[in-house]
Amino acid sequence: MTVNTREDIKLSNAQIAWRAAQDVVDGAYVNLGIGFPEMVARYQPPGRQAIFHTENGILNFGEAPKEGEEDWDLINAGKKAVTLKPGASFFHHADSFAMVRGGHLDVAILGALQVAQNGDLANWRVGTKGVPAVGGAMDLVHGAKQVSVITEHVTKNGEPKLVEKCTFPLTGVACITRIYTSHAVIDITDGHFVLREKLPDMTVDELQAMTGAKLHIEGPITDLVVPAL
């Protein structure tokens with residue numbers, strides 16, 4: 001189902017990541033998905049410092065090094081060079097996943113192909129295309145205490161990414177609690193989407209037309225305002 005979208009006013013990926021970063025509390029143990037979600041680490045509010053975890057075995061890594069100063073023995077799960085912060089530690093891949101499966105991560109922030117209104121996530125394969133590679137996401141979505149998604153509100157073809165039921169292979173069942181999109185912030189509560197924030201220049205009806213399941217209103221809707229980045 002292709003819908004009319006408000007591409008003219010959508011947030012950039014950096015702005016979506018900035019908004020998600022505002023909800024990460026100081027001292028939280030956080031895993032960021034490969035690619036777009038990694039941007040969240042750039043936008044921690046002043047005075048707050050999360051402790052970032054990567055599945056390949058680093059805790060408390062820092063910003064990317066300057067070009068030409070990379071140490072390629074220090075990479076994250078996305079094969080990007082990282083730096084280390086004081087107190088950083090290394091560990092075996094199995095220990096890394098023991099941290100995940102043992103419930104020791106406070107937050108995981110992932111990308112999405114589809115999110116269903118009951119919290120199901122599909123983020124690893126479109127139908128039968130491509131090589132199956134669900135990776136560590138299947139552990140993260142059920143091991144982290146809180147799992148959020150950052151994503152465009154619709155696909156490149158204008159189809160909703162927030163849907164009644166996922167049609168792509170699932171990563172996890174009923175695991176997502178909050179979604180940060182290019183147009184809104186939406187919680188998943190009691191099996192339905194609850195609109196919390198939206199871009200001030202669009203109406204609820206316009207947002208609903210871009211969404212593949214009903215948006216519920218429970219209390220005030222805040223304007224989604226982010227800095228230019």
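Remark: Arg19 CZ to Ile150 CD1 distance equals 12.0 Å, nearest 0.5 Å. Note that CD of Gln44 is 13.5 Å distant from CH2 of Trp18, once rounded to the nearest 0.5 Å. To the nearest 0.5 Å, atom CD of residue Glu218 and atom CZ of residue Arg196 are 6.0 Å apart. For the atom pair CD (Gln208) and CD1 (Ile217), the distance works out to 8.5 Å, reported to the nearest 0.5 Å. Summarising the geometry, atom CE belonging to Met138 is positioned 11.5 Å from atom SG belonging to Cys175; distances are rounded to the nearest 0.5 Å. Going from atom CD of Glu55 over to atom CZ of Phe97 covers 5.0 Å, rounded to the nearest 0.5 Å.
Sequence neighbours left out, the pairs with a member in residues 190-226 that pass ring pair (Phe, Tyr, Trp, His ring centres under 6.0 Å) are His192-His216.
In the model, Asn56 has a side-chain atom that pairs as donor or acceptor with a side-chain atom of Thr54 under 3.5 Å. Between the side chains of Gln114 and Thr167, at least one donor N or O lies within less than 3.5 Å of an accepting N or O. In the model, Gln49 has a side-chain atom that pairs as donor or acceptor with a side-chain atom of Lys85 under 3.5 Å.
For the pair Ala64 and Thr83, the tightest heavy-atom approach, listed with the atom from each and the gap, is C-CG2, 4.3 Å.
Between the side chain of Asp187 and the main chain of Val194, no donor-acceptor pair closer than 3.5 Å is present.
Between Phe61 and Phe52, the ring planes are tilted. Angles from 30° to 60° get that label.
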